[in-house]
Asks: 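Got a structure for you, written out below as structure tokens; questions coming shortly.
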Amino acid sequence: MSHEQLKLELEHLPVRLLHALAKGRVQRHFRLGKRRLIEFFLSLPEDQINTIQLELQRILNVEQTRKELRHNLQAQRKTLKSLSLPTTSQFTRYPSDGKTSVSLTLEDVLEGIGIPEPTDFVPDSWQIEAVEHLAHSDVIVSAPTGSGKTYVAIEAIKQAMIANQTVIYTSPLKALSNTKFMEFSQIFGSQQVGILTGDRRDNAHAPLLIMTTEILRNLFYDAASGEIDLRLHTLGLVILDESQYLADPERGVVWEETIILCPGQARLLLLSASIGNPQELSQWLASIRPLPCHLIRHTKRSVPLRGLYLQANGPLVPLFQTQSITQGKGFTFHPDAKRLLSEYESKYLGRR
Amino acid sequence: MAPAIHPCELVEVLRRHHLTPAIIFLTSRRACDDALEAFTHEPPALSQERGETIRTFLETFSKDFPSIENHPLIPVVQAYGVAAHHAGHLPSWKIAIEELMRHGYLDAVFATTTLAAGVDFPARTVVVTQSSIRKSQDFTDLTISEIQQLAGRGGRRGKDLVGFVVITPSPYIDLHVLAKGLTGFPEPINSQFVVSYPMVLNLLKAHSLDQIEGLLAKSFAQFQLNQRAEIHQDNLDTIHSQLKPYGPRECADWITQWKVFDLARRRKSHRRPPMETDTPFVKACLPFLTPGRVVGVSKGRALILRQYRSRGTFTPMISVLKSKGTIGECHASSVTDVYDHIIEFQPLRGFPWVSPPTLTQLTQAITQLPARLPTVPILTQAPQTEETLLNDVLTDEFACPTCPSHPACKKDYAMASRLRIKSQQLEKTIQALKDGLWHQFQHKADILHKFGYLTSTYQLTQDGEWARLIRIDHSLLITELIRMDAFSGGAPELLAGVMASICHDDDRPGSYVRLSTGLSSMLSQVRTVADSLGAYESPPLLRADVAGLAEQWIGQPQSGWTALVRSTSMAEGDVYRLLARTLEFLSQLHGLRHTHPGLADSAHQAMEIMRREVLQELP
Ligand SMILES: Nc1ncnc2c1ncn2[C@@H]1O[C@H](COP(=O)(O)OP(=O)(O)O)[C@@H](O)[C@H]1O
């Protein structure tokens with residue numbers, strides 16, 4: 001491979017990978033820009049260039065596989081898992097302990113920004129697991145916002161509808177009820193979806209009913225005293241969205257009442273944002289409900305999150321020393337962010 | 001005040017780095033509105049084409065939601081691709097913004113942090129400008145869960161390869177709180193179970209007491225309490241095992257025996273405190289013998305100037321001003337009457353205990369006292385029984401000093417008694433954890449019995465039967481008002497006005513709204529009732545201005561939404577929420593149609609009139 005080719009190839013690489021290549025070869029490589037890095041690589045003696053070429057080949061292979069995998073979503077998760085471990089450790093590892101003096105650049109943090117290529121919808125394994133377990137147990141799903149809990153709800157509703165059961169879906173806020181009402185009406189057809197609020201009933205005989213949790217609790221009160229006006233005997237599934245509201249100082253008690261009073265024949269599906277003690281919740285359910293309770297705890301965000309820092313008249317800089325924000329690993333602020341903040345504080349707030 | 005970043009600069013930077021669409025969380029509604037306003041001083045940022053897309057979208061949207069037609073913010077949204085989203089807006093407008101965001105038509109939305117939980121739209125980037133929020137008057141740090149709830153909106157699955165959280169400093173920010181929130185694990189959640197009146201009534205309607213005890217035991221609250229109790233139980237078990245070697249000796253319960261012995265011995269060895277010499281009558285009098293009190297002494301009336309104890313014998317003494325104007329000292333025991341009359345004055349440290357001019361005034365005041373003065377009844381307490389018991393014990397033949405295990409007990413007592421006190425405390429704690437909820441229930445049930453909603457055996461009375469259908473906040477106040485017939489014959493708008501002021505618990509400043517004299521007098525009546533119930537249910541704010549708003553909306557069915565909103569300084573969204581909640585409360589009254597047809601009918605009429613324009617757009 002000629003120098004010219006190598007140069008071209010190197011120029012195609014994102015800086016992140018160039019830095020990975022330079023690690024251990026160039027002192028203080030993080031100070032160098034893309035162009036100077038490439039110049040440096042090319043100025044190396046022939047034998048070192050060869051090893052660089054070998055490594056470059058590996059990097060390209062890995063990148064290639066990743067690309068292919070994106071097209072082949074089905075295989076993606078399994079293979080990436082086994083692949084990404086060695087690759088990240090060899091090439092793209094950033095100091096997570098902050099002891100090394102290597103700093104991320106803004107480009108590193110912004111790298112990969114963009115829109116994914118459209119793919120067929122393939123449910124995650126935890127989503128499938130949740131739906132399957134509903135067949136024979138109550139289910140609690142604790143997953144970060146935006147990871148796809150609604151999919152679980154929709155599939156569960158479909159199953160229950162096929163079995164001719166009534167489904168009740170509750171949300172903590174009227175506004176959310178309205179949004180879900182519109183969303184579900186589009187999916188299941190407006191004939192199939194009803195909504196109950198404090199003062200109104202729309203299509204109350206539909207198989208899928210949306211309401212706030214307070215309304216459901218009131219229905220259970222009435223059912224217990226024999227004043228059933230809804231088909232509670234056909235009730236097959238109760239979905240409590242945003243169940244972390246159980247801990248709301250004022251309204252949390254309503255979630256407990258609803259769960260306690262929920263008829264035994266109906267399955268419970270609790271959808272919750274990430275909480276600290278889902279297993280405790282699940283043990284509780286298991287202890288008071290006729291069926292076992294299956295807990296699905298999904299902690300990984302589906303879209304990686306990265307931190308940035310920006311202040312008035314200042315540059316946009318990375319927030320942390322790591323590219324992505326991960327849970328439970330602690331944090332180290334990026335030196336730039338730290339410096340800017342202390343400037344800001346001493347300038348405006350008189351803090352040191 | 002330290003400057004936060006200018007909203008236009010912020011959005012510009014985000015655009016430049018392809019970080020849009022973004023949700024920018026700000027501290028207040030005001031901040032969101034100001035941010036939008038700031039854009040209007042800039043040249044339009046969106047291309048004609050994008051502006052057109054937004055316009056078309058909103059046009060279609062307003063077919064379903066006429067209330068957003070001609071919304072004053074439309075031009076800003078169209079020209080700059082930014083919007084505000086907070087509780088001050090109508091729900092329909094918020095839905096429109098959410099939809100625009102979902103379609104990717106907007107670059108940035110300014111939203112309040114408090115609403116993060118109620119927002120159902122994600123973006124590529126979230127911008128966080130604060131680390132604490134106002135919770136009931138105070139600023140508290142955001143919890144890890146709350147921060148992750150905010151950050152969770154960054155990065156849309158299927159639309160973004162990566163999501164971002166941008167932190168910009170402001171005076172409200174502590175970077176460490178945010179960093180911890182972003183990288184930590186969310187807090188565990190805890191039960192917030194409380195027993196409410198409607199809960200008691202509704203449970204008693206359908207279940208026996210035993211069943212209810214079982215239902216309460218099923219709560220997450222009890223589950224968590226039991227877990228705590230278990231920890232205590234483990235401790236208790238350890239202590240019990242430690243107590244084993246201190247088992248029965250000469251006497252079965254030697255620890256108690258020894259305690260009595262020990263106490264008695266100590267009492268005896270101490271010099272009896274001089275207080276003990278006070279007779280019960282004097283003891284009971286003493287609290288009343290304060291400066292300014294008029295008392296009767298052997299030679300007529302006197303005014304107490306100070307109370308003290310004699311140095312030597314420690315007997316209680318008083319300095320008094322006699323009606324002749326002389327100052328004297330006497331034993332507290334020589335007081336014959338304590339009158340229910342006090343003459344206020346400014347006491348001094350040294351003799352004559354008041355300033356000379358006051359002395360003359362006081363002397364006059366004493367001579368001018370009416371001939372008959374009421375006396376303070378003095379209740380003397382019976383001498384304490386425990387003491388006599390102890391004394392008896394000591395004089396009786398008390399086994400301990402002669403007991404063969406005396407030395408062993410003496411050695412072990414300190415440890416053993418400490419352990420036993422601990423074990424008793426733990427037992428109490430465990431019992432309290434196990435019974436807590438049931439006691440709460442009984443307490444509430446007793447109150448309901450007192451008011452006549454329950455019989456003494458916790459059966460629902462006739463009033464209880466219908467009262468259980470009122471399942472909203474301030475239920476006791478509402479049912480009491482109904483029992484007093486407070487609403488009888490009232491026009492629908494009065495009923496709605498009162499319900500509005502009961503249901504509205506927001507203390508944001510409102511504005512003066514004219515309300516009819518009928519409603520005004522009704523409100524003051526409601527306030528009296530609410531205050532009298534204060535011990536059993538915290539009273540609502542009962543704002544007159546919101547009552548007036550509801551009255552206006554129902555009393556003038558021809559007038560429109562715009563006119564209503566213009567008549568108050570409350571935000572549109574707040575007015576909407578007020579009326580929506582009033583509707584909910586009214587519908588509970590409507591539920592009483594079998595027992596209170598007149599009231600239910602009135603509520604129904606009010607509801608029918610209320611549901612117009614914006615108020616019927618959404619279910
Ligand atoms: N398995 C999946 N693959 C790709 N996208 C998904 C998958 N599951 C869900 N999504 C998408 O993720 C987004 C967020 O889902 P949502 O159910 O609203 O999150 P949550 O309710 O957990 O906050 C939706 O746009 C949804 O279409």
Side-chain angles (χ1 to χ4, degrees), chain A residues 110 112-116 144-146 148 173 175-176 178-179 181 195 197-200 202 218 221 224-225 244 246-249 252-253 256-257 260 273-277 280 284 287-288 302-312 316 319 325-331 333 341 344 348-349, chain B residues 2-3 5-6 9 13 17-18 91 94 118 120 122 145 148-149 151-169 171 175 179 182-194 199 202 205-207 215 218-221 223 471 583-584 586-587 607 618-619:
Chain A
L110 294 181
I113 193 173
I115 303 167
T145 319
L173 302 168
L176 291 178
N178 279 324
T179 317
F181 178 56
I195 186 166
T197 66
D199 58 287
R200 225 164 112 171
D202 285 9
N218 291 350
Y221 276 167
S225 57
Q244 74 275 9
L246 190 105
D248 186 89
V253 56
E256 287 194 45
E257 285 181 271
I260 297 169
S274 291
I275 54 170
N277 54 344
E280 195 181 348
W284 167 55
S287 74
I288 64 164
S302 1
V303 179
L305 186 70
R306 301 183 187 168
L308 290 165
Y309 177 88
L310 176 71
Q311 73 191 36
L316 186 67
L319 177 65
I325 295 173
T326 35
Q327 274 190 338
K329 297 253 174 74
F331 61 88
F333 286 120
L341 180 74
Y344 175 89
Y348 299 112
L349 305 179
Chain B
I5 191 167
H6 191 279
E9 183 191 343
V13 172
H17 290 97
H18 310 288
K94 290 197 291 187
D120 192 24
S145 311
Q148 296 193 350
Q149 187 75 257
R153 318 269 159 206
R156 300 156 295 178
R157 194 166 189 190
K159 287 189 189 157
D160 290 309
L161 288 168
V162 282
F164 296 90
V165 52
V166 179
I167 296 192
T168 83
L175 220 51
L182 289 172
T183 55
F185 292 110
E187 294 87 359
I189 61 171
N190 288 314
S191 169
Q192 305 285 344
F193 201 90
V194 278
M199 187 198 291
N202 281 290
K205 165 75 183 170
H207 305 276
L215 283 175
K218 277 180 161 188
S219 64
F220 189 46
F223 184 79
R471 296 151 177 170
L583 266 171
E584 224 169 277
L586 286 171
S587 91
M607 288 164 69
L618 286 163

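Sequence lines set the chain letters: A, B, ... in the order given, protein chains first and strands last, and positions in each chain run from 1.
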Asks: Check step by step if side chain to side chain contact (heavy atoms under 4.5 Å, CB included) holds for B:V166 and A:Y309.
Replies: CA-CA 5 Å; B:V166 179; A:Y309 177 88; over 6 Å; no
Asks: Locate the shortest heavy-atom distance separating A:E280 from B:F223; write the atom from each residue and the value.
Replies: O-CE2, 3.5 Å
Asks: Under the rule for side chain to side chain contact (heavy atoms under 4.5 Å, CB included), what residues qualify as partners of B:P122, not counting sequence neighbours?
Replies: B:R156
Asks: Looking at B:E584, B:R157, B:M607, which one has more heavy-atom pairs under 4.5 Å with chain A than the rest?
Replies: B:R157
Asks: If you look at every heavy atom in A:A224 and B:A206, which pair is closest and at what distance?
Replies: O-CB, 3.3 Å
Asks: With a 4.5 angstrom heavy-atom cut-off, is it the side chain or the backbone of A:L110 that approaches chain B, or both, or neither?
Replies: both
Asks: Which pair of non-hydrogen atoms, one from A:E257 and one from B:M199, has the smallest distance, and what is that distance?
Replies: OE2-CG, 3.5 Å
Asks: Check the surroundings of atom NE2 in B:H6: do more than 12 heavy atoms from other residues, nucleotides or ligands lie under 6.0 Å from it?
Replies: yes
Asks: Please look at A:N218 and chain B and tell me whether the side chain, the backbone, both or neither of the residue comes under 4.5 angstrom of a heavy atom of that chain.
Replies: both
Asks: What option among A:A273, A:G148, A:S302, A:S287 has the most heavy-atom pairs under 4.5 Å with chain B?
Replies: A:S302
Asks: With a 4.5 angstrom heavy-atom cut-off, which part of B:E9 approaches chain A: side chain, backbone, both or neither?
Replies: side chain
Asks: Got a second to check how far A:T145's OG1 is from B:R153's CZ, nearest 0.5 Å?
Replies: 5.5 Å
Asks: How close do A:L341 and B:L175 get, counting heavy atoms only, and between which atoms?
Replies: CD2-CD2, 3.4 Å
Asks: Quick one: are B:I5 and A:L310 in side-chain contact, heavy atoms under 4.5 Å?
Replies: yes
Asks: Is chain A contacted by the side chain of B:V13, its backbone, both, or neither, given a heavy-atom distance below 4.5 Å?
Replies: side chain
Asks: Do A:E256 and B:Q192 meet the criterion of a side-chain donor-acceptor pair at a distance under 3.5 Å?
Replies: no
Asks: Considering only heavy atoms and a distance below 4.5 Å, find which of B:F164, B:F193, B:F220 pairs most often with chain A.
Replies: B:F220
Asks: Would you say that B:T183 contacts A:T326 through its side chain, given a criterion of any heavy-atom pair below 4.5 Å between the two side chains?
Replies: no
Asks: Using modelled atom types only, decide if a donor and an acceptor are shared between the side chain of A:W284 and the backbone of B:A221 within a distance under 3.5 Å.
Replies: no
Asks: Heavy-atom distance under 4.5 Å to chain B: side chain of A:L319, backbone, both or neither?
Replies: side chain
Asks: At a 4.5 Å cut-off on heavy atoms, which part of A:L305 comes close to chain B: side chain, backbone, both, or neither?
Replies: both
Asks: Would you say the side chain of B:S219 lies within less than 4.5 Å of the side chain of A:I260, judging by non-hydrogen atoms?
Replies: yes
Asks: In Å and rounded to the nearest 0.5 Å, what is the OG1 to CD distance from B:T168 to A:Q311?
Replies: 9.0 Å
Asks: Indicate yes or no: at least one non-hydrogen side-chain atom of A:L316 is less than 4.5 angstrom from one of B:H17.
Replies: yes
Asks: Where on B:K159 is there a heavy atom nearer than 4.5 Å to chain A: the side chain, the backbone, both, or neither?
Replies: backbone
Asks: Using 0.5 Å steps for rounding, measure from the CD1 atom of A:I113 to the CG atom of B:L161.
Replies: 9.5 Å
Asks: Between B:A179 and A:F333, what is the shortest heavy-atom contact and its length?
Replies: CB-CZ, 3.5 Å
Asks: As a quick check of understanding, evaluate side chain to side chain contact (heavy atoms under 4.5 Å, CB included) for A:Q327 and B:L182, giving each step before the final call.
Replies: CA-CA 7 Å; A:Q327 274 190 338; B:L182 289 172; over 6 Å; no
Asks: When you measure from the side chain of A:N277 to the backbone of B:I189, do you find a donor-acceptor pair of N or O atoms at a distance under 3.5 Å?
Replies: yes
Asks: With only heavy atoms counted, which part of A:P144 is less than 4.5 Å from chain B, the side chain, the backbone, both or neither?
Replies: neither
Asks: What is the distance from atom CD1 of A:I275 to atom CZ of B:F185, rounded to the nearest 0.5 Å?
Replies: 14.0 Å
